[in-house]
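Input: a single structure, listed below in structure tokens.
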Amino acid sequence: MTLDAFLPEHKRTIYCGRIRPEHVGKEVVLCGWVHRRRDHGGLVFVDLRDREGLVQVVINPEGSAEAHAKADALRVEYVLSVRGTVRRRPPGTENPSLPTGDVEVAAATLAILNESRPIPFSLDEDSDVAENVRLKYRYLDLRRPSIQAMFVRRARLARAVREYFFENGFLEVETPVLTKSTPEGARDYLVPSRVNPGMFYALPQSPQLFKQILMMAGYDRYAQIVKCFRDEDLRADRQPEFTQIDVEMSFIDRDDIFTMMEGLMARVFREVLDVTVARPIPRMGYREAMDRFGVDKPDTRFALEIADYTGLLSAAGFRVFSEIAAKGGVIRGITVPGLAESSRSELAALEEVAKIGGAAGLAWFKATDKGLASPLAKFFKEEQLAALREKSGAKAGDLILVVADTFDVACASLGRLRLHLGEKLGMIDKSLYHLLWVTDFPLLEWDKEEKRWSAMHHPFTAPLDEDLPLLATDPGSVRAKAYDMVLNGSEIGGGSIRIHRKDVQSRMFQLLDIDPDAARLKFGFLLEALEFGAPPHGGIAFGLDRLAMIFSGAKSLRDVIAFPKTQKATCLMTDAPSMVDVEQLRELSIRVTVPEKR
RNA sequence: GGGGUGGUAGUUAAGCUGGUUAUAACGCCGGCCUGUCACGCCGGAGGCCGCGGGUUCAAGUCCCGUCCACCCCGCCA
């Protein structure tokens with residue numbers, strides 16, 4: 001078949017999805033894809049689709065014999081330009097499920113600008129297609145209206161962010177993508193330097209050091225929407241390249257960051273979702289979050305909080321419990337409403353959930369009219385059981401689930417169990433958006449494998465002033481001026497007030513067991529900059545992709561990234577990564593040590 | 001590195017304890033059809049059952065290995 005050339009008269013005058021009764025009588029030119037064709041032999045209906053939606057085009061042999069002759073060849077996803085007149089649909093043929101359903105376009109001329117092979121999967125919204133197929137033909141998947149809606153929303157989000165920072169006097173400064181590999185943190189993506197054989201750049205895990213340097217350079221308020229790269233294993237909410245809303249400010253303390261960022265949240269929630277954010281956003285200490293919810297990013301849309309029974313259940317009775325308590329462990333539990341009738345297998349399933357968090361087992365107590373029923377009941381005194389029931393607040397019909405283990409394991413297991421049950425029992429109101437600041441994170445955490453302290457946030461995070469003396473005596477209990485923003489149980493941002501004094505920074509490196517020579521080699525420029533008048537400063541970075549994901553109700557980051565990577569960090573559309581020419585490698589002074597497959 | 005789920009036509013799935021020619025729906029191709037909108041009606045084509053090996057008279061089905069996709073743990077300052 002011969003295709004029509006794209007002539008000036010084929011240029012669009014209006015989007016398909018924008019046509020309304022107010023356009024009745026007007027001549028329009030539409031450009032779009034054939035979403036569906038209904039050929040009645042005589043009359044042909046074509047649903048023409050573009051970015052803004054779809055509209056029904058009617059091709060009548062009596063109206064335009066030429067257009068009708070062409071219509072016979074039309075297939076799904078052919079690209080058309082249609083000139084025609086908007087008219088009201090005959091009474092009784094309106095389609096109320098379509099925004100354009102009261103009108104249709106009567107085609108006068110029709111240009112077939114391109115044809116399409118039969119598409120490998122249906123673009124219908126209700127068709128459920130395997131993700132690997134969708135990702136291979138990502139350009140087709142991206143045509144789906146619901147996917148396009150996500151990218152429209154994401155673009156609106158990014159625009160709101162830029163406008164907010166612009167209005168508040170922030171400067172957008174670009175930072176390098178080819179930069180220096182730094183120790184600590186995630187694995188780097190490396191880029192070989194051809195002109196410096198044997199040497200490598202790293203792609204930034206974040207522009208952390210550059211934004212701090214910008215503060216030292218006097219740029220005061222910086223914000224950038226920027227790509228970051230981390231070579232770690234993927235998850236539904238983790239991609240190797242992702243986008244941060246990166247922010248840094250000078251001459252500020254934590255409250256200034258909170259206030260400014262609460263303004264940002266209010267702005268984007270208003271612009272993207274038309275939701276009002278209640279300010280100030282609640283704050284919770286890290287320790288409280290762990291105690292009450294078992295995680296540092298609590299979903300506060302529902303209760304089901306964790307209670308501590310260490311004192312209560314370790315005293316005499318059950319030896320497993322008392323031994324764990326004696327070793328410094330904890331005995332904690334959650335009280336689940338209405339689950340006392342759970343079967344053996346249902347309880348076993350809950351135990352499996354707890355085990356993912358590391359728990360060795362899950363104890364349970366069923367609250368009845370008479371008291372607490374449990375295989376463990378015989379190990380405890382009547383008063384203990386009564387006290388447990390009292391403290392748990394369990395009513396008849398409720399189920400108390402108990403984990404006894406180290407603090408970390410108990411938190412991980414019960415936190416996971418809590419989310420699992422909250423979801424399963426429909427305790428989460430999905431229409432809610434709960435924002436929360438989590439503050440006072442530990443400065444350091446003990447790295448069991450390397451047997452040394454490592455920075456929980458990053459090595460440039462300032463300790464709380466009142467905890468400074470503890471640096472020498474009890475580093476593990478030092479809290480940091482670090483904070484995360486949590487939305488519905490998801491970490492959407494995190495930051496800190498930075499160290500701006502060289503002596504404190506040097507002590508930090510000392511604690512982290514980074515010797516002065518190594519520190520100079522890796523961060524020499526930062527340490528030196530600290531000697532030339534570094535202002536007090538701090539900042540934060542938000543995960544733009546994660547925000548877009550939550551705003552769209554997506555289950556995976558891949559849904560809100562136009563060209564995402566698979567779990568093995570490959571791109572099914574381009575087939576990246578791939579082998580390169582030997583000559584390319586020679587130029588880069590690189591030899592590959594992987595044996596060739598077959 | 002580890003645990004789990006899945007892989008059968010272009011797509012989505014069925015195929016039980018191994019047993020004639022591997023089913024269905026949608027899509028595709030041909031024909032008919034002037035008010036449909038998941039249009040309808042008639043006819044047709046379409047398969048390396050992910051890949052490799054094994055057990056067996058016989059494997060889509062059982063066993064071993066492997067690849068791919070997804071979820072999770074570790075990892076992610």
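As the structure is a prediction and not an experimental result, all values here were calculated from the model. Chain A is the first sequence line, chain B the second, and so forth, proteins listed ahead of strands; every chain is numbered from 1.
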| said: Quick check on B:rA38: is either OP1 or OP2 less than 4.0 Å from any side-chain nitrogen or oxygen of A:Ser97? | reply: no
| request: Could you tell me which nucleotide pairs with B:rA25 by Watson-Crick or G-U wobble geometry, both distances under 3.5 Å, or answer none if nothing does? | output: B:rU11
| said: Classify A:Ser496 by what it touches in the nucleic acid, base, sugar-phosphate, or nothing, heavy-atom distance under 4.0 Å. | reply: nothing
| remark: From CD1 of A:Ile59 across to C1' of B:rC37 the rounded distance in Å is 14 Å
| Nucleotide opposite B:rA69 in a Watson-Crick or G-U pair, distances under 3.5 Å | B:rU5
| query | Within this structure, what is the CD-to-C1' distance between A:Gln567 and B:rG4, rounded to whole angstrom? | reply | 12 Å
| said: Please name the nucleotide paired to B:rG18 by Watson-Crick or G-U wobble geometry with both distances under 3.5 Å, or report none. | reply: none
| field | Charged N-O contact under 4.0 Å between A:Glu94 and A:Arg89 | value | no
| query | Within 45° of the axis and under 6.0 Å from the centre of the six-membered ring of A:Phe293, does NZ or CZ of A:Arg416 qualify? | reply | no
| task | Would you mind reading off the distance between A:Gln244 atom CD and B:rC76 atom P, rounded to a whole angstrom? | result | 16 Å
| field | Spacing of A:Leu234 atom CG relative to B:rG74 atom C1', expressed in whole Å | value | 14 Å
| Are any of A:Thr93's side-chain N or O atoms less than 4.0 Å away from OP1 or OP2 of B:rU36? | no
| For the residue pair A:His458 and A:Phe460, does the interplanar ring angle fall in the parallel (under 30°), tilted (30 to 60°) or perpendicular (over 60°) class? | tilted
| task | Quick one: sort the A:Tyr286 and A:Phe441 rings into parallel, tilted or perpendicular, breaks at 30° and 60°. | result | tilted
| With a 3.5 Å cut-off and just heavy-atom distances, do the side chain of A:Arg75 and the base of B:rG27 make a donor-acceptor pair? | no
| Charged N-O contact under 4.0 Å between A:Arg238 and A:Glu232 | no
| said: Any side-chain N or O of A:Arg416 below 4.0 angstrom from OP1/OP2 of B:rC73? | reply: yes
| query | Does the base of B:rC28 carry an N or O that pairs as donor and acceptor with the side chain of A:Arg117 under 3.5 Å? | reply | no
| note | If pairing means Watson-Crick or G-U wobble with both distances under 3.5 Å, then the partner of B:rA59 is none
| field | Whole-Å gap separating C1' (B:rU11) and CZ (A:Arg144) | value | 11 Å
| query | Does B:rG40 have a Watson-Crick or wobble mate here (both distances under 3.5 Å), and if so which one? | reply | B:rC32
| task | Look at all strands and tell whether A:Asp233 reaches a base, only sugar-phosphate, or nothing, counting heavy atoms closer than 4.0 Å. | result | base
| field | Ring-base stacking, A:Phe45 with B:rU36 (5.5 Å, 30° cut-offs) | value | yes
| said: Please determine whether a side-chain nitrogen or oxygen atom of A:Arg38 lies at a distance below 4.0 Å from atom OP1 or OP2 of B:rU36. | reply: no
| query | Between the base of B:rG7 and the side chain of A:Asn132, is there a donor-acceptor distance below 3.5 Å? | reply | no
| remark: In whole angstroms, the gap separating P of B:rC70 from CG of A:Asp559 amounts to 12 Å
| Separation of B:rA38 C1' from A:Asn95 CG (nearest whole Å) | 11 Å
| request: Would you kindly compare A:Asn60 and A:Val133 by the position of their nearest RNA chain B nucleotide and give the one closer to the 5′ end? | output: A:Val133
| Below 4.0 angstrom, N of the basic side chain to O of the carboxylate: do A:Arg479 and A:Asp467 qualify? | yes
| remark: Walking RNA chain B from its 5' end, the first of A:Gly185 and A:Gly92 to be reached, judged by nearest nucleotide, is A:Gly92
| query | Atom CD of A:Glu104 to atom P of B:rG35: distance rounded to whole Å? | reply | 13 Å
| said: Quick check on B:rG10: is either OP1 or OP2 less than 4.0 Å from any side-chain nitrogen or oxygen of A:Arg134? | reply: no
